[in-house]
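The structure presented is a predicted model; accordingly, all values stated were derived computationally and were not measured. Chain A is the first sequence line, chain B the second, and so forth, proteins listed ahead of strands; every chain is numbered from 1.
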Protein chains: 2
Amino acid sequence: MTFDPCPVTPVAELVFGKWTTQVLWTLAHHGRTRFTELQRLVPAITPKVLAQRLRQMERDGLVGRTYHAEMPPRVEYEMTPLARTLLPVFHTLVDWSDTHLGEVERARERYDAAL
Amino acid sequence: MTFDPCPVTPVAELVFGKWTTQVLWTLAHHGRTRFTELQRLVPAITPKVLAQRLRQMERDGLVGRTYHAEMPPRVEYEMTPLARTLLPVFHTLVDWSDTHLGEVERARERYDAAL
DNA sequence: CCGTATCCCTTAGGATACTG
DNA sequence: CAGTATCCTAAGGGATACGG
């Protein structure tokens with residue numbers, strides 16, 4: 001008996017890949033944001049990787065992209081309503097962190113000390 | 001302004017790494033479990049990787065390990081109380097999946113079709 | 001039975017430079 | 001400005017075999 005593929009895995013792959021939560025978090029607080037500014041707001045992300053993540057999130061329906069045919073061009077990204085439904089989920093995770101992350105830290109110290 | 005390191009990231013790294021949720025999910029449903037059985041219950045995981053994940057989760061205080069000095073040896077793993085506090089969080093994620101994962105699927109199809 | 005030791009290999013990610 | 005193109009690396013994972 002193998003408890004059918006763990007149902008947490010799909011959503012974990014969707015939103016908890018590297019950079020994904022940071023980009024969503026930034027869009028949640030900053031609203032519509034241009035590519036370059038996003039690059040400034042998410043520390044240390046390179047343009048290649050940022051573009052990759054944005055494409056994926058666009059495909060998954062989590063971010064919307066608006067292209068303004070001006071010169072120079074202007075592109076803006078924003079959360080979709082679908083992505084906004086994730087915000088309470090994030091809140092739950094942050095709550096858990098506030099309550100229990102310290103215990104994780106202590107467990108690590110104990111483990112490393114017992115070495 | 002860079003919205004201070006996204007607070008979701010630490011807990012994401014803690015529990016949403018590869019295999020981690022599947023192992024926790026299995027322990028949650030199966031209770032105390034031996035190494036070999038865990039290997040059977042989590043499809044396709046190799047002993048090396050399973051041992052790695054278990055060590056990490058032990059260090060993080062998420063799983064307890066009990067060694068029985070018999071012949072042959074017997075080792076059992078189980079969720080800690082700390083890990084059990086994650087179950088409501090998992091529940092939240094599964095709820096979100098039930099409600100919204102279909103919409104993600106449809107977004108992907110639309111995106112791929114628009115190619 | 002419960003792992004560790006080795007080796008291989010893919011792949012995500014980083015650095016950098018360049019274009020429409 | 002908003003990205004691609006190119007190249008590189010390293011870190012983690014898989015397969016397999018072996019040891020206490």
Side-chain angles (χ1 to χ4, degrees), chain A residues 5-6 9-10 12-24 26-27 30-60 62-79 111 114-115, chain B residues 5-6 9 12-24 26-27 30-60 62-78 111 114-115:
Chain A
C6 166
T9 304
E13 290 177 351
L14 178 69
V15 284
F16 300 116
K18 197 172 183 187
W19 298 117
T20 307
T21 58
Q22 293 182 62
V23 171
L24 284 178
T26 302
L27 288 177
H30 193 264
R32 292 191 129 222
T33 311
R34 304 178 63 168
F35 186 88
T36 305
E37 195 166 11
L38 216 37
Q39 201 181 333
R40 280 193 321 99
L41 292 169
V42 179
I45 197 169
T46 61
K48 190 190 88 170
V49 175
L50 177 57
Q52 282 177 350
R53 294 277 72 85
L54 286 171
R55 284 316 142 256
Q56 181 200 322
M57 294 163 79
E58 200 186 340
R59 185 174 109 96
D60 292 338
L62 297 180
V63 306
R65 177 182 185 272
T66 312
Y67 177 81
H68 302 270
E70 309 166 349
M71 190 56 76
R74 184 162 54 97
V75 177
E76 290 175 320
Y77 294 94
E78 62 184 336
M79 293 184 93
Y111 186 95
L115 200 235
Chain B
C6 165
T9 304
E13 290 177 350
L14 178 69
V15 286
F16 299 116
K18 197 172 181 186
W19 299 117
T20 308
T21 59
Q22 293 182 62
V23 172
L24 284 178
T26 301
L27 288 177
H30 193 265
R32 292 189 131 223
T33 311
R34 303 177 62 168
F35 186 89
T36 305
E37 196 167 11
L38 216 39
Q39 201 181 332
R40 280 192 323 97
L41 292 170
V42 179
I45 196 169
T46 61
K48 189 190 88 170
V49 175
L50 177 57
Q52 281 177 350
R53 294 277 72 85
L54 286 171
R55 285 314 144 259
Q56 180 199 323
M57 293 163 79
E58 202 188 339
R59 185 174 110 96
D60 292 338
L62 297 180
V63 306
R65 177 182 185 273
T66 311
Y67 177 80
H68 303 270
E70 308 167 352
M71 187 59 73
R74 184 162 55 97
V75 178
E76 291 176 317
Y77 294 93
E78 61 185 337
Y111 186 94
L115 197 241

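- For C:dC2, one of the phosphate oxygens OP1 or OP2 lies less than 4.0 angstrom from a side-chain nitrogen or oxygen of B:Thr36.
- Taking the 5' to 3' direction, DNA chain D first and last meets chain B under 4.0 angstrom from a heavy atom at D:dG13 to D:dG20.
- Listed in residue order, the members of residues 48-55 of chain A having a heavy atom less than 4.0 Å from DNA chain C are A:Lys48, A:Val49, A:Arg53.
- Atom pair B:Arg74:CZ and C:dC2:P shows a separation of 9 Å (rounding to whole Å applied).
- Not counting sequence neighbours, A:Phe35 has no partner by the ring-ring contact (aromatic ring centres under 6.0 Å, His included) test.
- For the residue pair B:Arg32 / B:Thr66, a side-chain donor-acceptor distance below 3.5 Å is found, with atom types taken as modelled.
- Axis deviation across the helix from C:dC1-D:dG20 to C:dG20-D:dC1 amounts to 50°, comparing end segments of five pairs, rounded to 10 degrees.
- The side chain to side chain contact (heavy atoms under 4.5 Å, CB included) test with A:Trp19 singles out one residue from A:Ile45, A:Leu24, A:Leu54, and that residue is A:Ile45.
- The two residues B:Gln39 and B:Pro47 have their closest heavy-atom pair at NE2-CD, 3.4 Å.
- Between the NZ atom of B:Lys18 and the P atom of C:dT10 there is a distance of 14 Å, given to the nearest Å.
- Nearer the 5' end of DNA chain D, as judged by each residue's closest nucleotide, is the contact made by A:Pro73, out of B:Gly17 and A:Pro73.
- Residues A:Val23 and A:Leu41 have side chains not in contact (no heavy-atom distance under 4.5 Å, counting atoms from C-beta outward).
- Distance alone, capped at 3.5 Å, places no donor-acceptor pair between the A:Thr20 side chain and the A:Phe16 backbone.
- Residues meeting the salt bridge (Lys or Arg N to Asp or Glu O under 4.0 Å) test with B:Glu37, sequence neighbours left out: B:Arg40.
- In this entry the distance linking CZ of B:Phe35 with C1' of C:dC1 reads 10 Å, nearest Å.
- Within the structure, salt bridge (charged side-chain N to carboxylate O under 4.0 Å, His left out) contacts touching residues 14-24 of chain B (residues at least two apart or in different chains) do not occur.
- For the residue pair B:Arg59 and B:Gln56, no side-chain donor N or O sits within less than 3.5 Å of a side-chain acceptor on the partner.
- Spacing between atom CD1 of A:Ile45 and atom P of C:dG13 amounts to 9 Å, rounded to whole angstrom units.
- Between A:Leu38 and A:Leu27, the closest side-chain pair of non-hydrogen atoms falls below 4.5 Å.
- No hydrogens or angles considered: nothing links the side chains of A:Gln52 and A:Arg55 as a donor-acceptor pair under 3.5 Å.
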